[in-house]
Amino acid sequence: MSKKLFIETLGCAMNSRDSEHMIAQLREKEGYETTQNLEDADLILINTCSVRERPVHKLFSELGGFKKRKKPSAKIGVCGCTASHLGEEIIKRAPYVNFVLGARNVSKIGEVLHKDKAVEIDINYDESEFAFDDFRTSSYKAYINISIGCDKQCTYCIVPKTRGDEISIPDDLIINEAKRAVDNGAKEIFLLGQNVNNYGRRFSSSEHEKVNFTELLRRLSKIEGLERIRFTSPHPFHMDDEFIEEFAKNPKICKSMHMPLQSGSSKVLKEMKRGYTKEWFLNRVQKLRSVCPDVSISTDIIVAFPGESDEDFADTIDVMKQVKFDQIFSFKYSPRPETEAEHFTNVVDEDVASDRLAYLQSLHNELLDEINTKYLGETFRVYFENLNKDNFVSGRSDNNLVIKVKGSEELLGEFRDVKITSIGRTILTGEIVA
Ligand code: SAH
Ligand code: SF4
Ligand code: F3S
């Protein structure tokens, strides 16, 4: 009988892909099968996130729960970003944990599994050329890492401390991975990196040909059978004209851009070390919309960064009103260990932070109602990926709207034209017209 693996994944898409990589190694080399039942598992992994403080607290309560429910012989491994930054402390606080594996050391899963109390968290470890075995949760959409780590030093962000310096994965490995995914039925690929449009800045081998992100997109789009390319996260600082023009004219690139604003105030952006101003951000949006009028734009915003005044917050609101983002991921600033901003003393009052976040979110909902109304009666080409409750199947339009229709399994992995019949804030409903 095969051994059973239970894995819980927190955090971003890179963590989801790292989990797939660990599952692949454990299946192929160690004979594990995944299970949804913790009680049946021989190995329990939690792939953690530490971008904000709350998930770290959650980790130790989760671990306590695992200990109570697990089989006595089952091992527990803590992986991911919190593993990178807490390291040995995890085993000190939770001595029943068997090993700790950092976000930059995923390829060592097979080794740490056999060493009790192993702690592998080297953020300089270079696994950019490691050939992981294949495993994908979805056969319709393939997540592919194109770089690891991050070279930016945004003052609020822990990621460079958990994932180390940025290294690009060689383009031939990426292209081969994409081809394999397409051969296995995926019509869409989703390229992942903390800073995707900085791709090509550094490869492990100094001999590697200079290939930038725009060129990588061109090469990938030549793959036959591949219909859609998405990516996250691009950085506004690196959105040059060449990149925006390729994005607009390449029919395989989905017309949905994530543009993480963080703050609309040039003063706060400088304190955050984001490398752009309010004007640059608005200029890039304008350029993008001028060459690609139907593009949808999503963003990330942090409210109440230290020193954010009412005027600074008003600048963020001003950008929101000017851009009318299709989707906003908004967060209250959370001080993180080993970051520059952790030492900033001009902290914003907690009540003010909560009020700003609530205001921003309600304004976004108002703007969204206005944006979504115009979709009623429109037709979108939808790629179906999920089976939902009550005989609905859902998928995404090219510009990333989530759309559901009545239907069944046969629609999965298929494209259809769908006319929108009713609108909601996060999901639209429609009927197939072709
Ligand atoms: N590389 C991506 C961000 C990855 S982290 C980028 O630059 O866009 C995802 C998001 O978490 C960030 O965009 C930011 O909005 C948020 N975030 C990161 N650190 C944070 C902190 N200390 N407090 C609150 N939100 C934070
Ligand atoms: Fe963090 Fe900035 Fe790097 Fe994004 S670009 S991961 S916010 S340091
Ligand atoms: Fe979290 Fe690490 Fe991703 S901190 S957001 S899992 S890069």
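As the structure lists them, so they are numbered: ligands from 1, and atoms in each ligand from 1.
Of all protein heavy atoms, the one closest to atom 15 (O) of ligand 1 is Gln262 OE1, 2.7 Å. In this structure, atom 9 (C) of ligand 1 lies nearest to the protein heavy atom Asp300 OD2, 3.9 Å. Of all protein heavy atoms, the one closest to atom 24 (C) of ligand 1 is Lys332 O, 3.4 Å. The protein atom (non-hydrogen) at minimum distance from atom 3 (Fe) of ligand 3 is Cys12 SG, 2.3 Å. Nearest to atom 3 (C) of ligand 1 among the protein's heavy atoms is Gln194 OE1, 3.9 Å. The protein non-hydrogen atom at the shortest distance from atom 1 (Fe) of ligand 3 is Cys49 SG, 2.4 Å.
Looking at Arg52 against ligand 1, only its side chain comes within 4.0 Å, counting heavy atoms. With a 4.0 Å heavy-atom cut-off, ligand 1 is reached by the side chain of Ile302 but not by its N, CA, C or O. When heavy-atom distances to ligand 1 are checked against a 4.0 Å cut-off, Arg336 comes that close only through its side chain, counted from C-beta outward. Both the backbone and the side chain of Ser334 come within 4.0 Å of ligand 1, counting heavy atoms alone. If you look at Asn15 next to ligand 3, the close heavy atoms, those under 4.0 Å, all belong to the side chain. Only side-chain heavy atoms of Cys150 come within less than 4.0 Å of ligand 2; its backbone N, CA, C and O stay farther off. The side chain of Arg163, and not its backbone, has at least one atom closer than 4.0 Å to an atom of ligand 3 (non-hydrogen atoms only; side chain from C-beta on). Using a 4.0 Å cut-off between heavy atoms, Arg274 contacts ligand 1 through its side chain alone, with no backbone atom that close. For Phe331, every heavy-atom contact with ligand 1 shorter than 4.0 Å involves the side chain, none the backbone.
Heavy atoms of Gly80 stay at 4.0 angstrom or farther from ligand 3. The shortest heavy-atom distance from Asn195 to ligand 1 is not under 4.0 Å. Remark: distances from the non-hydrogen atoms of His258 to ligand 1 are all 4.0 Å or more.
In Gln286, the CD atom is not crowded: 12 or fewer heavy atoms of neighbouring residues, nucleotides or ligands sit closer than 6.0 Å.
Separation of the His258 and Phe231 ring centroids does not fall under the 6.0 Å cut-off.
Checking only distances, Tyr333 never comes within under 3.5 Å of ligand 1, N or O to N or O.
Around atom 2 (Fe) of ligand 3, the closest heavy atom drawn from Gly11, Ser16, Cys81 belongs to Cys81.
The pair Lys324-Glu370 meets the salt-bridge criterion, with a side-chain N (NZ, NE, NH1 or NH2) lying under 4.0 Å from an Asp/Glu carboxylate O. Electrostatic pairing of Arg336 and Glu342 does not count as a salt bridge here, judged by no charged N lying under 4.0 Å from a carboxylate O.
The distance from ligand 2 to the heavy atoms of Cys154 drops below 4.0 Å at these ligand atoms: 2 (Fe), 5 (S), 7 (S), 8 (S). For ligand 2, the atoms sitting less than 4.0 Å from at least one non-hydrogen atom of Val159 are 6 (S), numbered in the order shown with element in parentheses. Here is the list of ligand 2 atoms found below 4.0 Å of a heavy atom in Tyr156: 7 (S).
The closest donor-acceptor contact from the side chain of Lys278 to the backbone of Ser265 lies at 3.5 Å or more, if one exists at all.
A cation-pi contact links Arg52 to Phe331, judged by a cut-off of 6.0 Å to the six-membered ring centre and 45° from its axis.
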